[in-house]
Peer 1: 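My structure is below; once you've seen it, I'll send some questions.
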Amino acid sequence: MKPTVSVLGTGLMGSALVRALLQHRFQVTAWNRTRAKAEPLAADGAKIVDTVAQAIQASDVILMNVSTYDVGTDILRSADMARLLHGKTLIELTSGAPNDARARADWAQAAGISYLDGAILATPDVIGSEGAAIIVAGAQDTFDAAADVLNAMATSQYVGDDIGHAKTLDIAVLSLMWGALFGAVHAAALCRAEGVDLTPVMGLHEATAPVVHGLVGDFLQRNAEARFAQDDKTLASVATHYHALHHLVDVMDARGLDRVVVDGYLALFKKAEDAGQLSADFASMANFLQAST
Ligand code: NAP
């Protein structure tokens with residue numbers, strides 16, 4: 001028999017989660033602080049309730065998707081929620097840090113609540129489609145029992161029983177994205193300063209995408225295997241990238257552009273230089289972010 005599901009928080013993402021669950025014929029109860037935002041979901045078949053307690057009492061599985069963990073903590077602390085959740089499954093899908101997940105898991109364990117912590121790697125418009133992914137950490141048996149609920153919303157991937165790992169992987173993916181976006185920030189600013197039209201940059205972005213993708217993949221593979229020394233498979237050394245970065249520094253200085261981000265890159269290269277590691281594979285650079293280096 002399908003478990004019943006309650007969703008706490010029906011903002012943009014929570015509403016998409018509710019609709020996907022309804023499409024998979026789950027019985028769904030929804031609560032939102034601003035009830036008016038939840039009400040359109042009634043037309044799709046959700047039962048809208050006024051209180052968190054009513055939502056928790058209505059279902060076997062409770063999904064939380066609000067703006068932050070602090071908001072979720074306030075919601076769970078606000079009444080006798082631990083008692084109401086006892087024996088049920090709580091799935092936290094709010095974005096946060098690994099330690100947020102660990103704190104919530106400790107609270108859930110003390111209250112006898114089965115707990116999963118997930119990260120949604122999708123936007124609301126693709127929830128319920130094959131393009132949506134959710135990564136989930138927690139006990140394997142809890143994940144297995146909730147897999148149908150999770151897969152109704154997105155393709156779920158179990159990432160192990162360390163409860164912080166879904167959030168860690170989520171942030172790792174965001175870091176990859178921000179790397180590309182902050183690269184675009186610099187590309188746009190320097191082209192504007194040099195009077196270069198961005199249209200050809202868009203074409204070059206497409207043309208070089210496989211090269212960049214390959215470099216990032218090689219970097220991650222080498223780090224997974226701890227292969228940091230230069231070898232016959234090395235694509236570029238630390239020194240090669242360090243020298244090339246100076247061309248960016250030159251044009252930024254010539255045009256008076258702010259080096260606030262690039263100075264961070266230079267500082268990391270300086271650590272590699274001071275450690276006598278300029279000839280190492282560029283894959284070694286993550287080592288210089290560690291506290292002890
Ligand atoms: P949103 O549309 O702004 O919704 C925020 C939700 O949090 C609403 O239900 C809101 O209730 C609730 N909330 C905020 N403060 C509250 C409070 N003090 N007490 C009770 N409820 C409160 O944001 P969203 O896009 O749905 O995102 C929700 C979560 O999903 C976030 O953690 C976000 O990072 C994550 N996420 C979003 C996306 C995305 O593309 N949108 C993708 C991946 C992950 P009200 O309606 O009453 O304000």
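Both ligands and their constituent atoms are indexed starting at 1 by order of listing. Values in this document were obtained by computation on a predicted structure and should not be read as measured data.
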Peer 1: Using a 4.0 Å heavy-atom threshold (strictly under), name the region of Thr123 that reaches ligand 1: side chain, backbone, both or neither.
Peer 2: both
Peer 1: Between Asn99, Asp117, Thr73, Thr94, which is the residue that forms a side-chain hydrogen bond (donor to acceptor under 3.5 Å, both in side chains) with Arg104?
Peer 2: Thr73
Peer 1: What atoms of ligand 1 come closer than 4.0 angstrom to any heavy atom of Lys37?
Peer 2: 45 (P), 46 (O), 48 (O)
Peer 1: Distance to 0.1 Å, residue and atom name: give those for the protein heavy atom nearest to atom 22 (C) of ligand 1.
Peer 2: Val71 CG1, 3.6 Å
Peer 1: Given Thr94, Ile75, Asp125, Asn65, identify the one with the heavy atom nearest to atom 30 (O) of ligand 1.
Peer 2: Asn65
Peer 1: For Gly9, take its heavy atoms, then give the atoms of ligand 1 lying under 4.0 Å from any of them.
Peer 2: 9 (O)
Peer 1: For ligand 1, which atoms sit closer than 4.0 Å to a heavy atom of Ile120?
Peer 2: 43 (C)
Peer 1: Crowded around Gln27 CD? As in, over 12 foreign heavy atoms under 6.0 Å?
Peer 2: no
Peer 1: Kindly compute the distance separating CD1 (Ile91) from CE (Met64), expressed to the nearest 0.5 Å.
Peer 2: 12.0 Å
Peer 1: I'd like to know whether the aromatic ring centres of His186 and Phe182 sit less than 6.0 Å apart in this structure.
Peer 2: no
Peer 1: Transitively linked via ILVMFWY side-chain contacts under 4.5 Å: Leu63 with Ile56?
Peer 2: no
Peer 1: Suppose we measure from atom 27 (O) of ligand 1 to each protein heavy atom; which comes out shortest, and what is that distance?
Peer 2: Met13 CB, 4.1 Å
Peer 1: So which of Leu8, Leu12, Val126 gets nearest to atom 2 (O) of ligand 1, if we judge by its closest heavy atom?
Peer 2: Leu12
Peer 1: Tell me, which protein residue and heavy-atom name are nearest atom 42 (C) of ligand 1, and how many Å apart are they?
Peer 2: Ala122 O, 3.1 Å
Peer 1: Strictly by modelled atom types, are Asp70 and Thr68 linked by a side-chain donor-acceptor pair under 3.5 Å?
Peer 2: no
Peer 1: Can you name the atoms of ligand 1, numbered from 1 with element, that are less than 4.0 Å from a heavy atom of Gly11?
Peer 2: 2 (O), 4 (O), 8 (C), 9 (O), 26 (O)
Peer 1: Among protein heavy atoms, which lies nearest atom 7 (O) of ligand 1, and at what distance?
Peer 2: Ser67 N, 3.1 Å
Peer 1: I'd like to know if the side chain of Lys167 and the backbone of Asp100 have a donor-acceptor N/O pair within less than 3.5 Å.
Peer 2: no
Peer 1: With heavy atoms only and a cut-off of under 4.0 Å, state how Thr10 meets ligand 1: side chain, backbone, both or neither.
Peer 2: backbone
Peer 1: Looking only at protein heavy atoms, which one is nearest to atom 45 (P) of ligand 1, and how far off is it?
Peer 2: Thr34 OG1, 3.5 Å
Peer 1: Salt bridge between Arg102 and Asp106, side-chain N to carboxylate O under 4.0 Å?
Peer 2: no
Peer 1: Got the closest protein heavy atom to atom 35 (C) of ligand 1, with its distance?
Peer 2: Ser95 OG, 3.3 Å
Peer 1: Students should be able to answer this: which protein heavy-atom is nearest to atom 9 (O) of ligand 1, and at what distance?
Peer 2: Asn32 OD1, 2.6 Å
Peer 1: Tell me the contacting part of Arg33 for ligand 1: side chain, backbone, both, or neither, using a 4.0 Å heavy-atom threshold, strictly below.
Peer 2: both
Peer 1: With a 4.0 Å cut-off, would you call Arg222 and Asp281 a salt bridge?
Peer 2: yes
Peer 1: Is a salt bridge present between Lys2 and Asp148, judged by a nitrogen-to-oxygen distance below 4.0 Å?
Peer 2: no
Peer 1: Rounded to the nearest 0.5 Å, what separation is found between the CD1 atom of Ile48 and the OG1 atom of Thr10?
Peer 2: 7.0 Å
Peer 1: Nearest to atom 40 (O) of ligand 1, what protein heavy atom do you find, and at what distance?
Peer 2: Pro124 CD, 3.3 Å
